[in-house]
Asks: 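Starting off with a structure, shown below.
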Protein chains: 2
Amino acid sequence: MTAVAPLETETFSPRQNAVLECALKLLVAGGEKALTTAGIARAANCSKESLYKWFGDRDGMLAAMIAFQSSKVRTPAPRHGAPSLEDFTHNLRTFAVDLLTVLGGEVSLALNRLAIGQAGPGNTGLGHLLIEQGRQPIEQRARALLELGRRHGYLAFSDTRQAFETLYGLVVRDAHLRYLLGDAPDNEHELSARAELAVDQFFRLYGRKLLKD
Amino acid sequence: MTAVAPLETETFSPRQNAVLECALKLLVAGGEKALTTAGIARAANCSKESLYKWFGDRDGMLAAMIAFQSSKVRTPAPRHGAPSLEDFTHNLRTFAVDLLTVLGGEVSLALNRLAIGQAGPGNTGLGHLLIEQGRQPIEQRARALLELGRRHGYLAFSDTRQAFETLYGLVVRDAHLRYLLGDAPDNEHELSARAELAVDQFFRLYGRKLLKD
DNA sequence: CACGAACCGTACCGTACGGTACATGCCTTG
DNA sequence: CAAGGCATGTACCGTACGGTACGGTTCGTG
């Protein structure tokens, strides 16, 4: 099919991007019930007919919103070279804080709530889309980071996926679900404290014994 | 307030329980969109008027469903006494498997999807209810288990909450969210393997060095 | 300038839902 | 047996949404 598509920035026109941005704002502000076609058209100063012309139907609109949001996020590649143990630890902590920040972000929460609310026995489309577009980049970045640490002798593991999932669990715990259910996200101080503790625990599980005593 | 209420099975009449059971079945089968008042009345052979008489409105119905479901779950208290290390390890693994099984259960997933879909900027009612009714018992059971292990010298920690959250993260990882988004739950074999690994990791973080070499 | 494409705003249609009202029937109670 | 409460089932109402159709406007193009 479209296996040769080289750039994913061209999936939508600027006008459509603006409309999707408005739709995201609406979703964040009022949840799924506030995301009506009429509401989007009114907020974006466009006609419903254009919405249906561009996105097909409401589900296409939701999928487009997910794709658009994921296209906005650039996953910063960790600068390679030869990081010291301190650098690498700092990288891990930064990743942990970034992860918690992203998961607690308004737009991410709204889209996750949307996909989860839609998910049912048969409706796995949005969910899988969200996993693909939102989760995979994070996992790729984390796996690259972990393997970098292994190459430099700071970490020891055989299964990258297992190591990543452990790190994810230590960092996120049940925070994501609490956020989704409406709990107020933690402040920046708690966030970094959690990240530090999680990375510390992760090193005790997967770090080579380069740490003091 | 009702601190002396010995039995919480009396919150709803048997007839109402049957209706709630039907409503849960509908929710599990078809998601939130299938949970209409007319549908519930038809499936339960009752009238809409009775529904509104018993539960007030639709939100009251949802809250009653959560309360009813949580009232069905009995948290088995770990048998006290003096467990050996093997017993205690087995208890932890059982807890881990139970936790994953509960979180992956159809009813739990459906209710969580419902509450998450409803959750928004102001709508935190159902979410908090779900946290209180569904989460607290599990946490209490786990904390009791952890402190039992500490009393017997198998574990060493100062902050029970921190230890519990670590155990939770190691056991659950991102499984709950994947379930919620529509991923098929893991089979029993994967489940117990995950539980075993998680408990092993937890011992390496919080266990006294009673493990071999 | 003339033409056409794209788009906006609005009006419209069918449907489906939450909630209410009412008529019928069952079952307890005096 | 009579009467009243309680539940069922159906019909009904207002509303709001997804989706479509249409007239008017803007803008690029030959």
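Below, chains carry the letters A, B, ... as their sequence lines are ordered, and counting in each starts from 1.
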Asks: Do any of residues 46-56 of chain A sit with a heavy atom less than 4.0 Å from DNA chain D, and if so which?
Replies: K48(A), E49(A), Y52(A)

Asks: Show which side-chain atoms of residues 117-128 of chain B pair as donor or acceptor with protein atoms under 3.5 Å away, not counting sequence neighbours.
Replies:
unit_1, atom_1, unit_2, atom_2, d
H128(B), ND1, T124(B), O, 3.4
H128(B), NE2, D183(A), OD1, 3.1

Asks: Do any side-chain atoms of residues 158-170 of chain A form donor-acceptor pairs under 3.5 angstrom with protein atoms, and if so which ones, sequence neighbours left out?
Replies:
unit_1, atom_1, unit_2, atom_2, d
D159(A), OD1, R161(A), N, 3.0
D159(A), OD1, Q162(A), N, 3.3
T160(A), OG1, E147(A), OE2, 3.1
R161(A), NE, E165(A), OE2, 3.3
R161(A), NH1, E139(A), OE2, 2.9
R161(A), NH2, E165(A), OE2, 3.4
Q162(A), OE1, Y206(A), OH, 3.1
E165(A), OE1, R194(B), NH2, 2.5
T166(A), OG1, Q162(A), O, 2.9
T166(A), OG1, Y206(A), OH, 3.4
T166(A), OG1, R173(B), NH2, 2.8
T166(A), OG1, Q201(B), NE2, 3.2
Y168(A), OH, R135(A), NH2, 3.3

Asks: Using residues 50-67 of chain A as the side-chain source, report each donor-acceptor pair under 3.5 Å to any protein atom, sequence neighbours left out, with the distance given to one decimal.
Replies:
unit_1, atom_1, unit_2, atom_2, d
S50(A), OG, S47(A), OG, 3.0
D57(A), OD1, G60(A), N, 3.0
R58(A), NH2, L35(A), O, 3.0

Asks: Using the side-chain hydrogen bond (donor to acceptor under 3.5 Å, both in side chains) rule, collect all pairs that involve residues 95-112 of chain B, keeping only residues at least two apart or in two chains.
Replies: D98(B)-R141(B), S108(B)-N112(B)

Asks: Hey, where on DNA chain D does chain A first and last touch, going 5' to 3'? Cut-off is any atom under 4.0 Å from a heavy atom.
Replies: dC17(D) to dC22(D)

Asks: Could you pull out all residues at least two apart from K72(B) that satisfy salt bridge (charged side-chain N to carboxylate O under 4.0 Å, His left out)?
Replies: E21(B)

Asks: Can you name the ring pair (Phe, Tyr, Trp, His ring centres under 6.0 Å) partners of F157(A), sequence neighbours left out?
Replies: none

Asks: For N45(B), enumerate each residue passing the side chain to side chain contact (heavy atoms under 4.5 Å, CB included) test, keeping only those at least two apart in sequence or located in another chain.
Replies: none

